[in-house]
Every structure is written in structure tokens, then in C-alpha cells.
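The sequence lines fix the lettering, A, B, ..., with proteins before strands; numbering per chain opens at 1.
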2 protein chains.
Amino acid sequence: MLGGACTYISLSASYFTPVKIVAVVGEDFLQEDLDLLAGRGIDLAGLERVPGKTFFWSGVYSADMNDRTTLCTDLNVFAGFQPKLPGHYLEQPYLLLGNIQPALQRGVLRQMKSLRLAGGDTMNFWIEGYRDELLETIREWDFLLINDSEARLLAGEDMLRRAADVIRAMGPRILVIKRGEHGALLFGNDGYFAAPGYLLHQVFDPTGAGDSFAGGFIGYLAQQGVNPGEGEIDPKLLRNAVVYGSVMGSFCCESFGVDRFRTLTRAEIDGRFQEFKSITGF
Amino acid sequence: MLGGACTYISLSASYFTPVKIVAVVGEDFLQEDLDLLAGRGIDLAGLERVPGKTFFWSGVYSADMNDRTTLCTDLNVFAGFQPKLPGHYLEQPYLLLGNIQPALQRGVLRQMKSLRLAGGDTMNFWIEGYRDELLETIREWDFLLINDSEARLLAGEDMLRRAADVIRAMGPRILVIKRGEHGALLFGNDGYFAAPGYLLHQVFDPTGAGDSFAGGFIGYLAQQGVNPGEGEIDPKLLRNAVVYGSVMGSFCCESFGVDRFRTLTRAEIDGRFQEFKSITGF
């Protein structure tokens, strides 16, 4: 079924701001999947279609949904991907770099001419095997989104509070550490913020929750028009962005694949944002 | 070194309310350890001293402090323990039952004559091997403190929100699910509340953190004089109790064993309570 980081990020962000994507698919990519993205107003000019099969992943989750085992990862057309940005992308102010080889992320960032805020995601594969390349890449990022085990790996430090200091010294002054069902932590210049995980009655499918988080995070900040070049981002907006990210991740888990995004409304999103206030206030 | 559930619970609760304990130790229990407890105003009339050795536990923690392996558990004088309550204990309004055989917990509760609020802790050993006895015991409790894996085991349900419904139907209308470094969840009549884990720069020793949580939770509620017999407890007080529990658990981890309680002050506790507000507000 339809999946992929770019899919989840763009669907999620589209509830907050216009979105343009750069990505690659193969000949097997379905028209109905293109229609879903286009139906959310997502600009597909940077979506390259090439001979071959689309990237494919499959896996199995543990009973409590906290662990997963990959059954199959076929890079297919993703293996030779060189992101090419359409001309009208280059002046965009906000950039979210999905998980891919750090050198490609850097190449995209360096093509952009008017960035206000840029950052992205990475994973253990790049941290372990491409460390120097990764460090050179994230040095230019304003924010990094990463999960807790990867934060520990990147920093070489088990205590997250110390790991955060180490990582922020690598470049990204805004660090979000995602902890799955346990929520997310934001580290910035004003200390840290802890957002809880939303308790679902049933987690149908956590696939894409982290990418949906990223889409809500950058989408909200874009909607707010933040511009750190004109002074530090209001810490309250960053906290809201983390909560909106958590909201989007929670909705993603409620249905298989991207199905929840077929019916989700902005009113439901804002309703759950308020619910986060009620479950955390004391 | 000094340890044990009763030790941590009573030291922690003593910052909020006068505490009386019922427990058993052997001939090897040190006078300086008695002095520590007495120095915090803890009533030791119910502390029985019998021939033999005190209960002993040792273990090793994982690098990230989230898992531990028991090296040795010697019940010693704990094996034949029959709690005997001194006469002046019987009219006390608040009861916290530490982790022990459920029938003994029930025996203590039934001796009490004027309880306003009672509850306690249990563990996988009793859930798996003494289920009927445990269910008969917790049916009479107002609150249950339990960790997440044990909640799943007790309820037979992986999703915590559903597990909470199942457990609350067993008796305890107030349920606190502890998640170690990930904080704690409170389930009551007004839905749920999520308290984050406090991020320490260094976790020296998590031993006793759950019991310190319990002491802060019941100690705060006792200090507030809550009386559910006169109407439901203000949900705000229950949320505060969970945060104070979290505060006490976090302090416990800062030093080896009970050492942090040798210097901890109520002002530090209230300071960290305010810090919890600042790390969760948005």
C-alpha cells in the first residue's frame, strides 16, 4: 500500500500550509495515490517518475506496537535518486528533509535560496555508517528530529539531557527527540519541554507516525510564518509545533497506512490539540 | 546498604505528613538506619525486630538505567512476616500498602478502623501466581499504583487506555500507571492525566524511585486531608499528587540508595514541582 516518509510528511503538513515535494517513484506508483496527494493541494512538480519499481518496505510489529521487525527493504528506483528541485521551489522559506543519505539532504538544502528554517530527520544507518557526512549535513540545520535511541547513538551519551547538549552543539539549536508512545521532548534555548504520548484506545498501525509528526511540526511553524533570522522563535510556538506534531502522529496510528488522512479534518486536529492541554494541565 | 519499599515510601511521605510504618527487620539492621527514619519523624512503633537477617536484594542496571537484573533476593525475616499494627495506628485515615503478599495487605487494611483513603502497590509475581488473592485484595482499594508492564499483565490488555478501564473495574477508581523515565499516567473519573518523567543530567540509582513516588503521592493527599467519603477528590489534587510523586521519584534517582533523602528539603521539592509546570506548559 501507499507509504514512505515523503507521503506522510506532506499529507500531514498539508493541513497547515501549502506543500511542495521532491521525491522519486517507479512506474508502479498508482494514479489514485497521486490523486490523494494532489487532492490535499500538494505540489507534485518535484515528484520524479522513472522506469522501475517504487521503493518498498514491509515489516511486522510486536504485540504492544513498540517494536518492529523489517521483513523487506527494496530500494528500487530510490537507489539512484538525485533530487532535482523545480525552479519555483527554490525561493520557498521552509524545508523539511526526510530520512535519506545525508549528502543528498545537503545537496537539496544548498539549492534553496531564501530559507528561513530548515531541518530534518535521520536514522541509525546514517549515524553509524556515514557519521562525518551526517555531521557536515546537520551542521547547517536549524532543527533536528530524531528518536531517542538514535539521539543516544549520535551523541554517544545515554542520558537524554546530556545527549541533547551534545547534539545541539553539532548545529541544530532546536532538537526534538521522539519517544514513540511516550511522547516527545523539545530542547531549545529556554530549556526543555515534554509532550506526552496521546493514549489511543487502539493503535492500528504506527507506520509513518514519526513522519506525520515531522509534517505537523514544520507545517505549523510554516503556517505561523516564523523567521528566526529576525530573532529567536517564540518558545511557545515551538512547543505548540511539538504538540501539533504529536497530534498528527497520533491520528496516523488510528488507521492502516495513510488511511486516516483520507478523512481527517483540521477541526479534529485542533480538537486533539486542546485535548493535549487537558491531559497535561495541573 | 539501607533499602526496601517501606524505607523509601516512609522517607518520601515524611516530607508531606507524619508517617507510621509497619515492617520487619532482622538483628543486622543498623542503629544509624533507625536514626535516619526517626530523624524524619517516622513512627517506628510498628517496626518489628526479630532474630535473623533483614530482607536483602541486589541487582545490576543496564547502561541506560531502564532495565535491571536481580542478582540476589534473600527473604530472610520477611519470609514469616505477619504485620501487627500497634493500637495507635488503627485510627489513621490514610493507608499505603507496599508490595507484599496480597493476603497480608488485605489483613492490614481490615484492621484499620477509620480509613479515608487506602491503596497500594503490587508486582508481576503476585499478578501471575496469586491472581485471585490479589483481585480480592485490590477490590477494597481506592487507588492502585502499578508499572506499565504490570498493568498490561493484570488487565490482559496491551493498550494502556483499555487496560486502565479493565483495572478500574476491578476496584481501584484511582489508577496510577508508572512508566519509569517516561513518567506516569493517572486514570480517574475525569479521564486521564500524563505527567512526564523529569530529565536528570545523571541517573545514579533508580532503586526505590517507584516507592518514593508512592510516598510523595499518598503523602501529598494526606497533607491535603482529602476525604472521598465526603465526595469525590478534586481531580486537581490527584494530578498534583502524581506530580509530587514524580518529583520524589526523580530526587531518589540522584544519589545511591536513600542518600538523597539525607539532605533533601521541602523547598527543593516544591521548586521541582514548579519546574514540572514549566516543562509541561504550552
Peer 1: Assess the residue pair A/Lys277 and B/Phe282 against the criterion (side-chain contact (heavy atoms from CB on, under 4.5 Å)); give the C-alpha distance rounded to whole Å, side-chain angles, the decisive distance to 0.1 Å, and a yes or no.
Peer 2: CA-CA 8 Å; A/Lys277 279 198 190 286; B/Phe282 68 94; 3.4 Å; yes
Peer 1: When you look at OH of B/Tyr61, are more than 12 heavy atoms from neighbouring residues, nucleotides or ligands closer to it than 6.0 Å?
Peer 2: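 It does: B/Tyr61 OH has more than 12 such atoms within range.
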Peer 1: Contact part of A/Phe187 toward chain B, heavy-atom cut-off under 4.5 Å: side chain, backbone, both or neither?
Peer 2: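 Looking at A/Phe187, just its side chain touches chain B.
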Peer 1: Under the side-chain hydrogen bond (donor to acceptor under 3.5 Å, both in side chains) criterion, do B/Gln202 and A/Arg162 qualify, and how do the steps go?
Peer 2: CA-CA 8 Å; B/Gln202 179 66 55; A/Arg162 289 187 180 182; 3.2 Å; yes
Peer 1: Might you point out which heavy atoms bring B/His201 and A/Met159 nearest each other, and give the distance in Å?
Peer 2: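 Minimum heavy-atom contact is O-CG, 3.4 Å.
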Peer 1: Would you find more than 12 non-hydrogen atoms of other residues, nucleotides or ligands less than 6.0 Å from A/Phe273 atom CZ?
Peer 2: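 Counting neighbours around CZ of A/Phe273, more than 12 heavy atoms of other residues, nucleotides or ligands fall under 6.0 Å, so yes.
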Peer 1: Specify which of A/Ala163, A/Gly197, A/Ala194 makes the most heavy-atom pairs with chain B at under 4.5 Å.
Peer 2: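 Ranked by contacts with chain B, first place is A/Ala194.
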Peer 1: Would you check if the side chain of B/Arg161 reaches a backbone N or O of A/Leu199 as a donor-acceptor pair within less than 3.5 Å?
Peer 2: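 Indeed, once roles are kept as given, a pair shorter than 3.5 Å links the two residues.
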Peer 1: Out of A/Ser278, A/Pro235, A/Ala164, return the one with the most heavy atom pairs under 4.5 angstrom to chain B.
Peer 2: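 Looking at each of A/Ser278, A/Pro235, A/Ala164 in turn, A/Ser278 comes out on top.
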Peer 1: What part of A/Glu181 is in contact with chain B, defined as an atom under 4.5 angstrom from a non-hydrogen atom: side chain, backbone, both or neither?
Peer 2: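 Interface part for A/Glu181: both.
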Peer 1: What part of A/Val203 gets within 4.5 angstrom of chain B, counting heavy atoms only: side chain, backbone, both, or neither?
Peer 2: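 For A/Val203, the contact with chain B is made by backbone and side chain together.
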Peer 1: Going by the angle between their ring planes, with limits at 30° and 60°, are B/His182 and A/His182 parallel, tilted or perpendicular?
Peer 2: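 If you compare the ring of B/His182 with that of A/His182, the planes turn out parallel.
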Peer 1: Starting at CD1 of B/Ile279, measure out to CG of A/Leu185 and round the result to the nearest 0.5 Å.
Peer 2: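 So the CD1 of B/Ile279 and the CG of A/Leu185 are separated by 8.5 Å.
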